[in-house]
Chemist: 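Sharing a structure here in structure tokens format.
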Amino acid sequence: MSTAVVASCGEPTRQPLPSRAPGHARRPRRPRAGRQEVALLAHLAPAPSVEAADAVVARLRKEHWDARHHCVALVVGTRADQQRSSDDGEPSGTAGVPMLEVLRRRELTDVVAVVTRYFGGVLLGAGGLVRAYSGAVAEALDVAASAGVLRRREVLTEVTIDVPHADAGRVDHLLRDWAGQHGAVLEQPTYAAVARLALLVPPAALPRLRDDLAAASAGALAPVPGADRVVDLPAHVL
């Protein structure tokens, strides 16, 4: 898993999609990290590309022109394959890399984190700076997750089920309950000679869906798997 999609990068080797891919920030958040000793302000913003992340950093530098440091960590790409960090004048390895490690541990992508520091008169030392910068990003992510502005990225399989019209309501109700229990997503049905119900299912749950449908229909219904699709879902807890 990782925390986006928003803009996928080229895949020259055409590697198979992972079963869980990175997540992303859906809209900017600017929670304050309550650290009196260094006066840190943590910013998170969605970044579908490195250029978009650079634009966020440039804007914040202009907005907080009087701050001493604007340390940066960014992760971009469907597989989180572009990662950068900057200490922006802090001792090497005390800011950008610890911030980036937080994004990696949370399995995030298509996001830029900027921690702006206004010097508060207290020298923290290398260890204190690492804790302060990583803690600011972690705190911001906790706030963003609880506010519902992060998305979890999953690779789900498209599945269709053809159902006689007379049974469509009952099966639709069954699938809604099943989807809620197994991390699936119900899609819009279509109606022609039969009702075609559709949902997106975690690949590992396909055998269970097949068994549960067979049990509920005396073997009359069977899911038909289709293509895999990358889907962004709410990520309430990271």
Side-chain angles (χ1 to χ4, degrees), residues 1-4 6 20-48 50 52-77 80-153 234-238:
M1 164 198 147
S2 318
T3 296
V6 257
R20 304 190 78 178
H24 67 274
R26 195 171 60 188
R27 59 177 181 269
R29 293 289 300 177
R30 293 178 51 183
R32 288 187 179 275
R35 299 178 180 276
Q36 298 176 349
E37 70 275 14
V38 287
L40 297 180
L41 180 62
H43 313 258
L44 297 175
V50 172
D54 288 343
V56 171
V57 176
R59 175 178 60 79
L60 291 171
R61 285 184 180 279
K62 184 176 181 180
E63 182 178 343
H64 299 278
W65 57 270
D66 55 340
R68 179 165 293 195
H69 304 282
H70 300 278
C71 300
V72 179
L74 67 92
V75 181
V76 173
D81 49 0
Q82 296 187 71
Q83 303 182 8
R84 294 184 185 177
S85 65
S86 168
D87 295 314
D88 192 36
E90 294 283 25
S92 179
T94 62
V97 170
M99 292 165 57
L100 184 58
E101 279 303 310
V102 174
L103 299 183
R104 288 171 175 161
R105 286 199 304 270
R106 302 291 185 103
E107 297 182 309
L108 291 161
T109 193
D110 290 348
V111 62
V112 58
V114 183
V115 177
T116 297
R117 179 186 179 191
Y118 288 90
F119 184 61
V122 177
L123 298 177
L124 298 181
L129 288 172
V130 169
R131 290 189 294 274
Y133 279 102
S134 60
V137 174
E139 183 179 339
L141 288 171
D142 290 343
V143 172
S146 64
V149 298
L150 295 181
R151 310 294 286 176
R152 184 181 82 254
R153 176 177 291 160
H236 300 299
V237 179
L238 289 178

Chemist: Within the 4.5 Å heavy-atom criterion, are V57 and L74 side-chain neighbours or not?
Modeler: no

Chemist: Looking only at non-hydrogen atoms, find the nearest pair between A52 and A47 and report the distance.
Modeler: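 Reported closest heavy-atom pair: CB-CA, 4.3 Å.
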
Chemist: Which residues pass the side-chain hydrogen bond (donor to acceptor under 3.5 Å, both in side chains) test with H69, sequence neighbours left out?
Modeler: none

Chemist: Taking side-chain contact (heavy atoms from CB on, under 4.5 Å) as the test, write out the residues that go with A138, two or more places apart.
Modeler: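 side-chain contact (heavy atoms from CB on, under 4.5 Å) list for A138, sorted by chain: V102, R106.
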
Chemist: Under 4.5 Å between any side-chain heavy atoms of V112 and D54, yes or no?
Modeler: no

Chemist: Using a 3.5 Å cut-off and no angle test, enumerate the donor-acceptor pairs between side-chain atoms of residues 89-96 and protein atoms at least two apart in sequence or in another chain.
Modeler:
unit_1 : atom_1 : unit_2 : atom_2 : d
E90    : OE1    : R117   : NH1    : 3.2
E90    : OE2    : R117   : NH1    : 2.8
E90    : OE2    : Y133   : OH     : 2.5
T94    : OG1    : P91    : O      : 2.6

Chemist: The test is side-chain contact (heavy atoms from CB on, under 4.5 Å); show your working for L40 and V115 and say whether it passes.
Modeler: CA-CA 6 Å; L40 297 180; V115 177; 3.8 Å; yes

Chemist: How far apart are the closest heavy atoms of H43 and T116, and which atoms are they?
Modeler: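 Here H43 and T116 meet closest at NE2-OG1, 3.4 Å.
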
Chemist: Given L108, which of V75, L141, V137 fulfils the side-chain contact (heavy atoms from CB on, under 4.5 Å) condition?
Modeler: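 So the option named by the test is L141.
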
Chemist: Classify the ring geometry of H64 against H70: parallel below 30°, tilted from 30° to 60°, perpendicular beyond 60°.
Modeler: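 Plane angle between 30° and 60°, so tilted.
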
Chemist: Rounded to the nearest 0.5 Å, how far does OG of S134 lie from CG of L103?
Modeler: 11.0 Å

Chemist: Give me each pair satisfying salt bridge (Lys or Arg N to Asp or Glu O under 4.0 Å) with a member in residues 91-102, each pair once, sequence neighbours excluded.
Modeler: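 Checked against salt bridge (Lys or Arg N to Asp or Glu O under 4.0 Å) - neighbours excluded - the pairs reaching residues 91-102 are E101-R104.
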
Chemist: Considering residues at least two apart in sequence or located in another chain, which fulfil the side-chain hydrogen bond (donor to acceptor under 3.5 Å, both in side chains) criterion with R61?
Modeler: D88

Chemist: Shortest non-hydrogen contact from A80 to T109?
Modeler: CA-OG1, 3.5 Å

